[in-house]
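What follows is one structure encoded as structure tokens, with my remarks underneath.
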Amino acid sequence: MERPPEEFIKETNGDIIAPRIRTGLPLPCQPLWYGSNRVTDHTYRNTLTARDPLPFVIFQYTLDGHGEFRTCGKQHDLPAGSAFLTITPSPTYYLQHPNYDFYHFVYLTIVGEAAISIAQQIIMQHGNILTFSPDSKIVSMLCQHINELRANDKPFDIYKESIFAYNFLMSLCQEHFSKGPQRNERMPDSLARAIEYIERNFSNPLLRVSDLAKAAKISKGHLTKLFSKFYFTSPSKYILSRRLNAAAEMITNCKSLYLKEIIEKCGFSSEAYFCYAYRKMYHNSPGTIK
């Protein structure tokens, strides 16, 4: 009988960073980071912008306490027993819930075409927020593996870890796709072209929805419907969220940059509007972090 997740809470603290393979064929499902964190700071926010040159998958499960997951203006609670699954880069971030004293979670991040494809299918059918019954094998599988990595003094075997990452995603896929009929929807190529165009050009303050539609090779009306269906927001709000997430990451990590420089790099033409939009999304002033 597998141990319940509660027994792993004190055993899964800190990060485990997987070494990257720089030569040979790219692995279809390669882990980047494992670990957990116990947050007790209400100012804590982690923006899920690109930490890596390639898109990657993040699975994060709430062991105890309470968190929040926000994407494209939508807010989701993360109580114990819930998790979020997302693909970065995206206008997304998570934080400790303001009404709770802490947020304790365990996570796994994975890069690779297979990982992206599997995660996309789960998100298309079930959304970003997933829940697990107390006897779920998914969380025990992840926590037990992290504990084994911490106790193992042997060299890190990236091929073995890639097999684990693939099996973990397939187990996640199997559990959730067995709950109901599949929609079998995938992101249209036109929408993927629009997202890629945003990633390359969100720093341009003159970026318009008509530019996205042209890059996507569809009409503005059709593009708006696709954003509403797959991201639950409009193209313009997606661009704003992407700019704000980029700004939040720079404010946190690029201490040498002045706020004016960050605003310009992220595509905002007005400091006043940037501060207004930033406070509306993050519920504090950019100056309090800087």
Side-chain angles (χ1 to χ4, degrees), residues 1-39 46-64 67 69 78 82-90 92 94 104-123 126 128 130 132 135-178:
M1 180 176 180
E2 297 195 33
R3 297 163 61 191
E6 290 77 4
E7 295 189 29
F8 293 99
I9 289 177
K10 294 183 180 180
E11 302 177 35
T12 55
N13 297 315
D15 296 323
I16 298 173
I17 301 175
R20 295 293 301 277
I21 293 178
R22 299 297 180 182
T23 59
L25 294 174
L27 295 175
C29 198
Q30 183 175 344
L32 296 176
W33 303 282
Y34 301 90
S36 79
N37 194 6
R38 191 177 190 277
V39 179
N46 194 343
T47 56
L48 301 179
T49 48
R51 304 178 190 176
D52 192 87
L54 299 174
F56 60 91
V57 175
I58 298 179
F59 172 85
Q60 184 161 300
Y61 175 82
T62 306
L63 290 167
D64 199 5
F69 176 81
L78 294 172
S82 64
F84 70 77
L85 180 70
T86 191
I87 301 170
T88 69
S90 64
T92 301
Y94 64 87
H104 192 186
F105 53 86
V106 64
Y107 58 88
L108 168 63
T109 65
I110 310 170
V111 69
E113 291 185 4
I116 299 295
S117 178
I118 295 170
Q120 282 179 336
Q121 291 300 314
I122 297 174
I123 292 170
H126 298 284
N128 294 104
L130 309 174
F132 298 87
D135 59 348
S136 172
K137 294 182 179 180
I138 296 296
V139 178
S140 293
M141 179 181 180
L142 178 56
C143 290
Q144 184 174 2
H145 189 72
I146 290 174
N147 287 337
E148 290 173 353
L149 289 175
R150 295 191 190 288
N152 191 357
D153 57 359
K154 297 179 181 179
F156 198 95
D157 187 336
I158 190 62
Y159 296 102
K160 180 179 178 181
E161 294 309 311
S162 294
I163 293 172
F164 169 81
Y166 181 80
N167 288 337
F168 177 83
L169 284 177
M170 289 303 296
S171 296
L172 188 66
C173 188
Q174 181 182 29
E175 175 166 326
H176 283 81
F177 273 90
S178 65

### Task
Start with the C-alpha distance between Lys137 and Ser171, add both sets of side-chain angles, then the distance that settles side chain to side chain contact (heavy atoms under 4.5 Å, CB included), and finish with yes or no.
CA-CA 9 Å; Lys137 294 182 179 180; Ser171 296; over 6 Å; no
## Note on the structure
For Phe59 and Ala83 the tightest heavy-atom approach is CE1-CB, 3.8 Å
### Summary
Residue set satisfying side-chain contact (heavy atoms from CB on, under 4.5 Å) with Ala115, at least two apart, ordered chain then number -> Cys29, Val57, Ile110, Leu169
### Message
Pair Val39, Asn46 - check side chain to side chain contact (heavy atoms under 4.5 Å, CB included), show working.
### Response
CA-CA 11 Å; Val39 179; Asn46 194 343; over 6 Å; no
### Query
side chain to side chain contact (heavy atoms under 4.5 Å, CB included) with Tyr34: which of Leu108, Thr109, Val106?
Leu108
#### Entry: Point-to-point distance, once rounded to the nearest 0.5 Å, from CZ of Arg38 to CG of Asp64
7.0 Å
### Query
Once you round to the nearest 0.5 Å, how far does CG of Leu149 lie from CG of Asp157?
10.5 Å
### Message
Are more than 12 heavy atoms, taken from residues, nucleotides or ligands other than Phe168, located less than 6.0 Å from that residue's CZ atom?
### Response
yes
### Query
Is there side-chain contact between Leu172 and Leu85, with heavy atoms separated by less than 4.5 Å?
yes
### Query
So how far is it from Ile122 CD1 to Asn128 CG, rounded to the nearest 0.5 Å?
11.0 Å
### Message
Just to verify, what does Phe84 make a ring pair (Phe, Tyr, Trp, His ring centres under 6.0 Å) with, not counting sequence neighbours?
### Response
Phe69, Tyr94
### Query
In Å and rounded to the nearest 0.5 Å, what is the CD to CG distance from Gln60 to Leu142?
10.5 Å
### Message
Please report the interatomic distance CG(Asn37) to NE2(His104), rounded to the nearest 0.5 Å.
### Response
7.5 Å
### Query
Do you know the tightest heavy-atom contact between Gln30 and Ser162?
CA-OG, 3.7 Å
### Summary
Output for pair (Ile138 CD1, Leu130 CG), nearest 0.5 Å, gives 9.5 Å
### Task
Would you please name every residue forming a ring pair (Phe, Tyr, Trp, His ring centres under 6.0 Å) with Phe164, sequence neighbours left out?
His145
